[in-house]
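Counting begins at 1 with the first residue of the sequence. Predicted, not measured: the structure shown is a model, and the values here were computed from it.
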Amino acid sequence: IVGSDGIRQAYSTGHGRIVLRGQAHIEEMNGNRHRIVVTEIPYQLNKSSLIERIAELVREEKLPDISDLRDESDRRGMSIIIELRRGAQPKKVLNQLYKFTPLQSTYGVQLLALVEGEPRLLSLKRALQVYIEHRRQVITRRSQFELDKARARAHILLLSLIHISEPTRPY
């Protein structure tokens, strides 16, 4: 998550925008070359679609500084290797990746809930209050239902005890 303004706004007003960005770092290789290693991608992003999108941008020459693209993910974790041409500026290429690919994406947040039968945007504090009120109501109703059921069962058991304790009469 990039920045905290979107989260603060979402929690205080009930709506906001959160920017998600994949984790990437730049490694230096021999011969004045660099590579970008992507180790995490944003939520709900398919790794293969990201790689396809980067390859498409290279073919369209929107990212001309990329010389090689590999997926080296294994059991230890995810790793997408993006090798750059000699003399390329790695920070510039990384910013272009964030701009042109879903490696950086924005999610809209709406804290929407039904309150007394109608939908409302809630702040985080109000959403928690409404949830606690709802849980109290659910637990009270469940307890009352179980109590009524136990009382009905007790009535049946009491009648059966009275029936057993009556002396048997010969015919």
Side-chain angles (χ1 to χ4, degrees), residues 1-139 142:
I1 296 177
V2 179
S4 60
D5 294 338
I7 294 174
R8 284 196 180 131
Q9 184 180 10
Y11 284 166
S12 63
T13 65
H15 58 87
R17 290 178 24 183
I18 296 178
V19 178
L20 296 177
R21 181 183 279 184
Q23 288 284 83
H25 63 275
I26 299 168
E27 293 179 354
E28 194 166 332
M29 297 168 48
N30 54 359
N32 193 22
R33 294 181 64 186
H34 295 88
R35 70 179 180 181
I36 298 172
V37 180
V38 179
T39 54
E40 295 178 17
I41 57 177
Y43 178 66
Q44 289 186 335
L45 176 62
N46 188 345
K47 179 177 62 172
S48 59
S49 67
L50 173 66
I51 293 172
E52 287 173 12
R53 178 68 179 142
I54 294 172
E56 181 182 314
L57 289 171
V58 171
R59 280 193 300 272
E60 294 173 359
E61 297 183 5
K62 287 188 178 181
L63 295 174
D65 291 335
I66 295 178
S67 64
D68 191 23
L69 176 64
R70 296 189 304 278
D71 181 10
E72 293 186 358
S73 302
D74 56 10
R75 289 181 296 164
R76 292 172 294 186
M78 193 191 79
S79 180
I80 300 173
I81 307 295
I82 304 168
E83 289 187 6
L84 306 179
R85 297 189 190 281
R86 195 178 309 268
Q89 297 174 354
K91 288 187 179 183
K92 178 182 172 186
V93 174
L94 185 58
N95 286 334
Q96 288 174 338
L97 284 170
Y98 287 140
K99 182 177 179 181
F100 295 130
T101 67
L103 196 56
Q104 175 174 314
S105 55
T106 304
Y107 280 88
V109 176
Q110 290 187 354
L111 297 177
L112 191 65
L114 287 176
V115 180
E116 298 170 7
E118 51 184 69
R120 291 195 185 151
L121 279 177
L122 305 174
S123 67
L124 180 63
K125 183 177 179 180
R126 183 67 185 133
L128 289 172
Q129 289 170 343
V130 167
Y131 176 73
I132 290 170
E133 290 169 13
H134 168 71
R135 289 304 299 163
R136 278 192 181 132
Q137 190 178 41
V138 167
I139 291 169
R142 181 180 61 209

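Other residues, nucleotides and ligands place more than 12 heavy atoms under 6.0 Å from the CD atom of E27. Counting non-hydrogen atoms of other residues, nucleotides and ligands closer than 6.0 Å to CZ of R8 gives a total of 12 or fewer. More than 12 heavy atoms of other residues, nucleotides or ligands shown are found within 6.0 angstrom of CD on E60. Applying the 6.0 Å contact sphere to CZ of F100 captures more than 12 heavy atoms from other residues, nucleotides or ligands.
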(request) Verify side-chain contact (heavy atoms from CB on, under 4.5 Å) between L97 and I36, making sure each step is shown before the conclusion. (result) CA-CA 10 Å; L97 284 170; I36 298 172; 4.1 Å; yes
(message) Between S105 and Q44, does the side-chain contact (heavy atoms from CB on, under 4.5 Å) criterion hold? Intermediate values first, please.
(response) CA-CA 10 Å; S105 55; Q44 289 186 335; over 6 Å; no
(message) Working note: R53 + E56, criterion salt bridge (charged side-chain N to carboxylate O under 4.0 Å, His left out); need CA distance, chi angles, decisive distance, verdict.
(response) CA-CA 5 Å; R53 178 68 179 142; E56 181 182 314; 3.0 Å; yes
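Taking all atoms of both residues into account, the shortest heavy-atom contact from E40 to M78 is N-CE, 3.6 Å. Across all non-hydrogen atoms, the minimal contact from E83 to R70 is OE2-NH1, 2.9 Å. Between S73 and K47, the closest heavy-atom pair is OG-NZ, 3.2 Å. The minimum heavy-atom distance between A88 and L84, with the atom names listed, is CB-CB, 4.1 Å.
In this model, no donor atom of one side chain and acceptor atom of the other lie less than 3.5 Å apart for Q23 and H25.
Of the residues D5, V109, T106, the one that meets the side chain to side chain contact (heavy atoms under 4.5 Å, CB included) test with R17 is T106.
Contacts of E52 classified as salt bridge (charged side-chain N to carboxylate O under 4.0 Å, His left out), with partners at least two apart in sequence or in another chain: none.
Atom-to-atom distance recorded for D71:CG and I51:CD1 is 4.0 Å, nearest 0.5 angstrom.
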